[in-house]
There are 2 protein chains.
Amino acid sequence: MAQDGKRRAGATPGASAAARARPPSMADVAALAGVSGQTVSRVANNRSNVDEATRERVLSAMKMLGYRPNTAARALATGRFRMIGVVTFDLRAHGNARVLESVVSAVQDTDYSVSVVAVRSHSEQAVREAFDRLSTQAVDGIIVNEPQMLDTAALRLRSDLPIVVVDRDDRHRYPAVGSDDAEGVRAAVTHLLDLGHHTVAHLAGPQDSYPARRRAEAWHRTLKDAGRLTPPVDYGDWSAESGYLIGRQIAERPDVTAVFAANDQMALGLLRALHEAGRPVPDDVSVVGFDNLAESAYFLPPLTTVNQDFEEIGRQSVALLLDQMESAPAEGTAPRGAAAVSVAPRLVVRGSTAPPRA
Amino acid sequence: MAQDGKRRAGATPGASAAARARPPSMADVAALAGVSGQTVSRVANNRSNVDEATRERVLSAMKMLGYRPNTAARALATGRFRMIGVVTFDLRAHGNARVLESVVSAVQDTDYSVSVVAVRSHSEQAVREAFDRLSTQAVDGIIVNEPQMLDTAALRLRSDLPIVVVDRDDRHRYPAVGSDDAEGVRAAVTHLLDLGHHTVAHLAGPQDSYPARRRAEAWHRTLKDAGRLTPPVDYGDWSAESGYLIGRQIAERPDVTAVFAANDQMALGLLRALHEAGRPVPDDVSVVGFDNLAESAYFLPPLTTVNQDFEEIGRQSVALLLDQMESAPAEGTAPRGAAAVSVAPRLVVRGSTAPPRA
DNA sequence: CGCCGCCATGTTGGCGCTAACATCAACCGC
DNA sequence: GCGGTTGATGTTAGCGCCAACATGGCGGCG
């Protein structure tokens, strides 16, 4: 390993270099094209002030050598990494995976790349650790995709980097993008009331989750606004299993004719519990979910649910982040009142809802 | 030479104010700790030959300044990026998301980071493009998570980088990690035969997918080996919808008493089709899936399926890649017969299978 | 006691690239 | 035609870090 003639600068300047695997550098291209390195740099960066003929010559030299600019060198020289960090949580959760996918996809349309860090627990420390990793790891901006635990107090991130949080909430200080949960919930609950149900029970997500809380609140307000009674809330953990377990209890309450579940997976468990308890859906009980998984249309019965536009959320997050990165190079320090982008959800009516039994 | 002559303030007259709070560099730490930069470097890289007292002094200086090594500079100097690239496909597919998650997780236990590139189509060109992005983007190794289209011919990747493919197949030239599909399928089909079914129909994945093909072949062989008839195969596209559509046809074949679906989502569609056709599962028809989604235990009825250990697959992929990266620094060029790691699947018996009607 | 080798630490050079300035030719209007 | 432009290109000096060598103190051993 020691020798290898690794310094090509030394001897054999023009002669057949040792051809050792070292990738071609700007200097190689420059030599081949008969220009200076700076000109190669200009071509590589698409600067305008290069003569057309020269540009072509350089380009063909690049192609001939299979030249690719060295990202590390560029980053070192410019101080920018052309890289966006994403902090994400459990990818088994459908929504997280969808958001990640669309973020990656959106970033790919720019000349940035994506570095992903996973957080394994919802603790503040875990988030902070992930953050540290990313800050160390040379990114120019960060997208935090963790709608679960974002206590305003908790998320005080040591970071001079632009940040976007995927979570529609007004309470924290970072720019955010997310579904307008309240609107989706209102549509779902109103749909049930319009069908003639007196009120709607709620199978909520975990209490420490922001979106879960928001959905529960929206459910509550919608019923209140309609002058209906608000039955006690049951809290699951987003899983089908919790939906099933809680569903067994719900099934025993004969007064319940309609249930709004905070996500589709819990709704699935609920459907099974109701089925086993001999309470047919939607004849006896109506069920609405939230998320619109690809599978939900094939549940028994097909699930009425609220569709979330994850693609749009990812796209908007990236747009917002890039926006910040450009406008606030590193200066400012003005977190400026945290722009919030809201993406509209949409009710999808299927077979799990019907008027209550006469 | 150690003097501060390097101050940019001196060189650039009247230039932008020094307001730019540049992050602390190694030199800053060195100055504060009263050592040379090289010693700081040694401490940062955990080299052994540093006096304990010195090390502590440097460490505390680092902490005081909030020093983080600059990845770009390090990469430039060493030629290694400490970064692993992952090429992934549709993250809506449960398996892909799971694999990605476990890869990210496993990488996180090393001091590497992960850069993700998504491929949007199964074409060779798309894969190649993703590859180019990654090669340009400074990674030391690549994991390709696309079990779908990996025609040996197609995947001839211009790359001197170590590669691991997530796909258990002997046909291509890269080291690979994947589930032992054949074994899982054998378990599933045998389970049905043992229950007393004469034969088992197959709802397969798309014909251009390797795992789909492998599963179909394994199904075929298992039946052959048992001396059973092999009914015609139907091909879906992995989606619940395709499972439903094809399921409607299957439901019309009275001779069918057991179906093996190539994944859980299609099995879900199939369950619904059978239900609608008045063919109860498992009393009239038994169904087995593949993947073991978290939701599958709550289908109606709970789905018997083959569990894939995605975590293990991710972990092994990373291990294999790191292994390669260390053993074949840049030399060799010997792709060495493509190691293949196989992860054992496991049959999970639930309520969707039963003996055929007497 | 003098030579050797070992260890902790310092010094030098350069990784590949770009910003900022320097240069040089062509060209402008009056 | 001459100062002043403009546009294309070259030159210089690092960006922050690490590999390789250089140095200098110290103990061991014949």
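Only this structure's heavy atoms are used, side chains among them; waters, hydrogens and symmetry mates stay out. Just so you know, these numbers come straight off a predicted model, no measurement behind them. Protein chains get the first letters and strands the later ones, always in sequence-line order, with residue 1 at the start of each.
- Between A/Gln38 atom CD and C/dC17 atom C1' there is a gap of 9 Å when expressed in whole angstrom units.
- Looking at residues two or more places apart in sequence or on another chain, you find a salt bridge (charged side-chain N to carboxylate O under 4.0 Å, His left out) between A/Arg315 and A/Glu312.
- Residue A/Thr39 places its side chain closer to D/dT9 than to any other of C/dT11, D/dT9, C/dC15.
- In plain terms, the two heavy atoms of A/Leu65 and A/Pro24 that are nearest each other are O-CG, 3.3 Å.
- No salt bridge links B/Asp140 with B/Arg82; every basic N to acidic carboxylate O contact stays at or beyond 4.0 Å.
- When heavy atoms are screened at a 4.0 angstrom cut-off, B/Val40 is found touching no nucleic acid atom at all.
- Here A/Gln38 contributes atom CD and A/Met26 contributes atom CE; the two are 6.5 Å apart, rounded to the nearest 0.5 Å.
- Contact of the B/Lys63 side chain with the B/Val58 side chain is not registered, since no non-hydrogen atoms from C-beta on lie closer than 4.5 Å.
- To the nearest angstrom, C1' of D/dG16 lies 13 Å from CG of B/Asn45.
- For the pair A/Arg74 CZ and D/dG16 P, the computed distance is 18 Å after rounding to whole Å.
- Judged by closest nucleotide on DNA chain C, B/Gly37 is the one of B/Gly37 and A/Ala73 placed further toward the 5' end.
- One atom, CZ of A/Arg82, and another, P of C/dC17, lie 16 Å apart when rounded to the nearest Å.
- Between the axis at the start and the axis at the end of the helix from C/dC1-D/dG30 to C/dC30-D/dG1 there is an angle of 40°, using five pairs per end and rounding to 10 degrees.
- For the pair B/Pro24 and A/Ser48, nearest-nucleotide mapping onto DNA chain D gives the more 5' position to A/Ser48.
- Across all strands, A/Arg80 comes closer than 4.0 Å to no nucleic acid atom at all (heavy-atom distances).
- Listed here is the closest heavy atom pair of B/Ile163 and B/Val144: CG2-CG2, 4.3 Å.
- Set against D/dC18, D/dG16, C/dG10, the side chain of B/Arg42 has C/dG10 as its closest nucleotide.
- The distance between atom CD of B/Glu52 and atom P of C/dA8, rounded to the nearest whole Å, is 10 Å.
- Dashed line: the shortest gap from a side-chain N or O of A/Thr78 to OP1 or OP2 of C/dA19 is not under 4.0 Å.
- The pair A/Arg120-B/Asp109 meets the salt-bridge criterion, with a side-chain N (NZ, NE, NH1 or NH2) lying under 4.0 Å from an Asp/Glu carboxylate O.
- Comparing D/dC15, C/dT18, D/dT9 against the side chain of A/Asp51 picks out D/dT9 as the nearest.
- Taking atom CE on B/Met62 and atom P on D/dC17, their separation rounds to 9 Å, with Å as the unit.
- Distance from the side chain of B/Val35 is smallest to C/dG10 among D/dC17, D/dA8, C/dG10.
- Rounded to whole Å, the distance from CG on A/Asn70 to P on C/dC15 is 11 Å.
- Taking every side-chain heavy atom of B/Leu76 into account, C/dG16 is the closest of C/dG16, D/dA20, C/dT18.
- Candidate nucleotides C/dC17, C/dA19, D/dG10 were compared by shortest atom distance to the side chain of A/Ser36, and D/dG10 ranks first.
- The shortest side-chain heavy-atom distance between A/Val139 and A/Phe81 does not fall under the 4.5 Å cut-off.
- For B/Arg47 and D/dC17, the CZ to C1' distance is 12 Å, given to the nearest whole Å.
- For A/Thr54, counting side-chain heavy atoms from C-beta on, the closest listed nucleotide (D/dT9, C/dT9, D/dC17) is D/dT9.
- Considering only the side chain of A/Ala77, D/dG14 comes nearest among D/dG14, D/dT9, C/dG10.
- Residue-level contact check: B/Arg55 touches neither bases nor backbone, having no heavy atom under 4.0 Å from any strand.
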